[in-house]
Amino acid sequence: CLAHPDRPPSPVNVTVTQLKANSATVSWDVPEGDVVIGYAILQQRQDGQMQRFIREVNTTNRACVLWDLAEDADYIIQVQSIGLYGESQASKRVHFRTLKETDRLPSNSSNQGDITMEGLDKDRQLQTGEIIIIVAVLLMWAAVIALFCRQYDIIKDNDSNNNKEKAKPSSEHSTPERPSGGLLRSKVTYNDPCIRTPALPWAPVWGCARSWLPAEHA
């Protein structure tokens, strides 16, 4: 079939790298001058037990990581470019085989070109930075609250001391209340020779002369 004139051409140079037991990286090139807004990948096992279709738009990536692959299994992939007016024809089939868990990575496979691993490292760095910022903010809030409580205790102690000092002069300079009546009365005794004492009722009274003296002069 001939491709539609408004659709982009098929991707070229489709290769599979970063082979592992359960993952692999697919990369491709797009001819220059064509507007490509996404890609589509058809992934299937050679024995026909599993088939997967991956589609992503609004991206300029020219690589994709395939996850959840079976160990030591054969796969076939095809890549399509997505343009403004549709999808291109599928690229040529590319065959690859995943590794065993005991197999080592090939010498030409390294994590330096693994886009997904780099993204994960960046995400971890961002998460670590966010945690540090949150911990710093919490420590600052704790310090502010502790300072506020300390200042509040100092102000409270000062207020209680001032109240005690104000209460002391009023109690020290207060005058005692006088007994009811308003006047102090002195006890007065009568020194009357004309009055017989009960002890000497028989004593005669001679020339009685009354005199009023206070008790202290009696």
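Position 1 is the first residue of the sequence; numbering continues from there.
For Val30 against Arg62, the heavy-atom pair with the smallest separation is CG2-NE, 3.3 Å. The heavy-atom pair separating Thr59 from Tyr39 by the smallest distance is CG2-CE2, 3.9 Å. When all heavy atoms of Leu19 and Ala24 are compared, the closest pair comes out as CD2-CB, 3.8 Å.
Residue Arg45 holds its CZ atom at 8.5 Å from CG of Asp74, rounded to the nearest 0.5 Å. Here the CD-CD1 distance, from Gln46 to Ile76, works out to 4.5 Å after rounding to the nearest 0.5 Å. Interatomic distance, CE of Met50 versus CD of Gln44, reported as 9.5 Å (0.5 Å rounding). Rounded to the nearest 0.5 Å, atoms CD1 (Ile154) and CD (Gln151) are 5.0 Å apart. A distance of 10.5 Å separates OG1 of Thr60 from CG of Asn58, quoted to the nearest 0.5 Å. The CG atom of Asp153 lies 11.0 Å from the CG atom of Asn158; values are rounded to the nearest 0.5 Å.
Although no hydrogens or angles enter the test, the distance criterion places a donor-acceptor pair under 3.5 Å between the side chain of Thr98 and the main chain of Ala70. Gln80 places a side-chain N or O within donor-acceptor distance of the main-chain N or O of Ser88, the cut-off being under 3.5 Å. At distances below 3.5 Å, not a single donor-acceptor pair connects side-chain atoms of Ser81 with backbone N or O atoms of Ser10. Formation of a donor-acceptor pair under 3.5 Å by the Ser91 side chain with backbone atoms of Val79 is found in this model. Of the possible donor and acceptor atoms, none in the side chain of Gln43 sits under 3.5 Å from a partner among the backbone N and O of Tyr75. Between the Asn22 side chain and the Leu69 main chain, a donor and an acceptor come within less than 3.5 Å of each other.
By the 4.5 Å heavy-atom criterion applied to side chains, Leu66 and Arg52 are not counted as neighbours.
Under the 4.5 Å side-chain heavy-atom criterion for grouping Ile, Leu, Val, Met, Phe, Trp and Tyr, Val57 is connected to Tyr85 within one hydrophobic cluster. Residues Ile131 and Leu139 fall within the same hydrophobic cluster, defined by Ile, Leu, Val, Met, Phe, Trp and Tyr side chains chained together at heavy-atom separations under 4.5 Å.
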CA sep, side-chain torsions, deciding dist, call: Thr17, Thr25, side-chain hydrogen bond (donor to acceptor under 3.5 Å, both in side chains): CA-CA 5 Å; Thr17 57; Thr25 300; 4.9 Å; no
How far apart are the C-alpha atoms of Val14 and Lys92, what are their side-chain angles, what is the distance that settles it, and do they pass the side-chain contact (heavy atoms from CB on, under 4.5 Å) test? CA-CA 8 Å; Val14 179; Lys92 295 180 180 181; over 6 Å; no
side-chain contact (heavy atoms from CB on, under 4.5 Å) between Ile37 and Leu84, worked out: CA-CA 7 Å; Ile37 61 173; Leu84 297 175; 3.9 Å; yes
With side-chain contact (heavy atoms from CB on, under 4.5 Å) as the test, would you mind laying out the steps for Gln51 and Leu42 before giving the verdict? CA-CA 8 Å; Gln51 184 174 351; Leu42 177 61; 3.3 Å; yes
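When the shell of 6.0 Å around CZ of Phe53 is examined, it contains more than 12 heavy atoms from other residues, nucleotides or ligands. Sparse packing is recorded around CZ of Arg93, with 12 or fewer heavy atoms of other residues, nucleotides or ligands lying under 6.0 Å away.
Of the candidates Ile41, Val12, Ile77, Ile41 is the only one forming a side chain to side chain contact (heavy atoms under 4.5 Å, CB included) with Trp28.
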